[in-house]
Amino acid sequence: MSTQSWPMDELLPHRPPMVLVDRLIAFDAHSARVTAHLGPDHPFAQALGVPVHVGIELMAQACGAHVGALARVAGGAVRLGFLLGTRAYVASVDWLALGADVEIAVTQVFNEDGMGVYDCRLLADGQQVASAQLTLYQPADATSALARLKGEA
């Protein structure tokens, strides 16, 4: 795995406060490991912590960081992608503790014509607390895809 890294704003098309992941730890052609700090300023922080269902977006952004890193290595641009669905989201906790640093591990199991499927795991204190399989889509031309969604095309 490569440990080469970039700031998240160079890997994801998101902007604060919706950049929920902090650092790409390592990646290769089919997988990545990303961290997220769940501080009190986290956009989804509540008195009990961060609801574990936010893990779905953490996983999606980890997948985006993986695709973004691959694009950067290949000399390409980071492109917009869409989370289409989540299968088998299982969580063993209801809340992620404030102040925690969580790790998100993603492994690509399918990739064809912009459609991708990733197996994802969310770890807190080294223990898996959630897992899911995400289906994502990255169109070649996101502007046209968004216009079609809005009925403008």
Side-chain angles (χ1 to χ4, degrees), residues 1-39 41-45 50-91 96 99-126 128-150 152-153:
M1 281 197 147
S2 172
T3 56
Q4 182 176 1
S5 192
W6 299 268
M8 279 300 143
D9 65 354
E10 293 182 21
L11 298 178
L12 297 172
H14 301 67
R15 294 295 167 253
M18 290 310 298
V19 177
L20 302 182
V21 294
D22 298 312
R23 189 168 71 89
L24 176 65
I25 299 171
F27 71 98
D28 61 26
H30 301 288
S31 63
R33 292 179 20 244
V34 174
T35 61
H37 179 70
L38 306 179
D41 60 338
H42 190 278
F44 295 99
V50 174
V52 74
H53 65 263
V54 173
I56 295 170
E57 181 61 20
L58 295 172
M59 292 172 182
Q61 288 191 20
C63 295
H66 177 245
V67 173
L70 294 177
R72 293 291 309 262
V73 167
V78 171
R79 298 187 345 240
L80 185 64
F82 301 96
L83 171 61
L84 298 182
T86 305
R87 298 187 72 161
Y89 185 74
V90 177
L96 301 167
D101 289 308
V102 296
E103 182 176 323
I104 307 98
V106 299
T107 303
Q108 188 179 68
V109 295
F110 176 81
N111 181 19
E112 187 174 313
D113 295 328
M115 188 72 72
V117 176
Y118 280 82
D119 285 335
C120 307
R121 298 180 312 122
L122 182 65
L123 300 110
D125 294 324
Q128 181 173 307
V129 295
S131 63
Q133 188 172 76
L134 303 186
T135 302
L136 304 115
Y137 178 60
Q138 189 175 45
D141 181 0
T143 303
S144 295
L146 287 171
R148 284 193 302 276
L149 288 173
K150 292 179 181 179
E152 298 171 2

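Any value given below was found using the heavy atoms of this structure, including those in side chains, with hydrogens, waters and symmetry copies removed.
Heavy-atom minimum distance, Glu10 versus Val78: O-CG2, 3.1 Å. The two atoms that bring Pro43 and Leu20 nearest to each other are CG-CD2, 3.7 Å, heavy atoms only. Of all heavy-atom pairs between Leu84 and Met115, the closest is CD1-SD, 3.6 Å. Taking both residues in full, the closest heavy atoms of Cys120 and Val106 are given as SG-CG1, 3.7 Å, listed atom of the first, atom of the second, then distance. Residues Arg33 and Glu103 come closest through the heavy atom pair NE-OE2, 2.9 Å. A pairwise comparison of heavy atoms in Thr35 and Ile104 identifies C-CD1, 4.3 Å as the closest pair.
Between Asp141 and Pro139 there is no side-chain heavy-atom pair separated by less than 4.5 Å. Side-chain contact between Thr135 and Leu83 is absent, with no heavy atoms from C-beta onward closer than 4.5 Å. Considering only heavy atoms from C-beta on, Leu38 comes within 4.5 Å of Val102 through its side chain. With a 4.5 Å cut-off on side-chain heavy atoms, Ser131 and Tyr89 do not count as touching. Residues Val34 and Gln61 are not in side-chain contact: their nearest non-hydrogen atoms beyond the backbone lie 4.5 Å or more apart. Under the 4.5 Å side-chain criterion, counting only non-hydrogen atoms from C-beta, Asp119 is not in contact with Gln108. Proximity of Leu11 to Val67: side-chain heavy atoms (C-beta onward) are nowhere separated by under 4.5 Å.
The local environment of CZ in Arg87 is sparse, with at most 12 non-hydrogen atoms from other residues, nucleotides or ligands closer than 6.0 Å.
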Run the side-chain contact (heavy atoms from CB on, under 4.5 Å) check on Asp9 and Arg15 step by step: do they pass? CA-CA 7 Å; Asp9 65 354; Arg15 294 295 167 253; 3.7 Å; yes
Walk me through it: do Leu58 and Val21 pass the test side-chain contact (heavy atoms from CB on, under 4.5 Å)? CA-CA 6 Å; Leu58 295 172; Val21 294; 4.2 Å; yes
Leu122/Met59 under side-chain contact (heavy atoms from CB on, under 4.5 Å): CA gap, chis, key distance, verdict: CA-CA 7 Å; Leu122 182 65; Met59 292 172 182; 4.0 Å; yes
For residues 23-32, tabulate all N or O donor-acceptor pairs below 3.5 Å that involve a side-chain atom, not counting sequence neighbours.
residue, atom, partner, partner atom, Å
Asp28, OD1, His30, N, 2.9
Asp28, OD1, Ser31, N, 2.8
Asp28, OD1, Ser31, OG, 2.9
Asp28, OD2, Ser31, OG, 3.4

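Note that NE2 of His53 is 12.0 Å distant from OG1 of Thr86, once rounded to the nearest 0.5 Å. Between the CG atom in Asp101 and the CG atom in Leu96 there is a gap of 11.5 Å [rounded to 0.5 Å]. The OH atom of Tyr118 sits 7.5 Å away from atom CG of Leu136, with the distance rounded to the nearest 0.5 Å.
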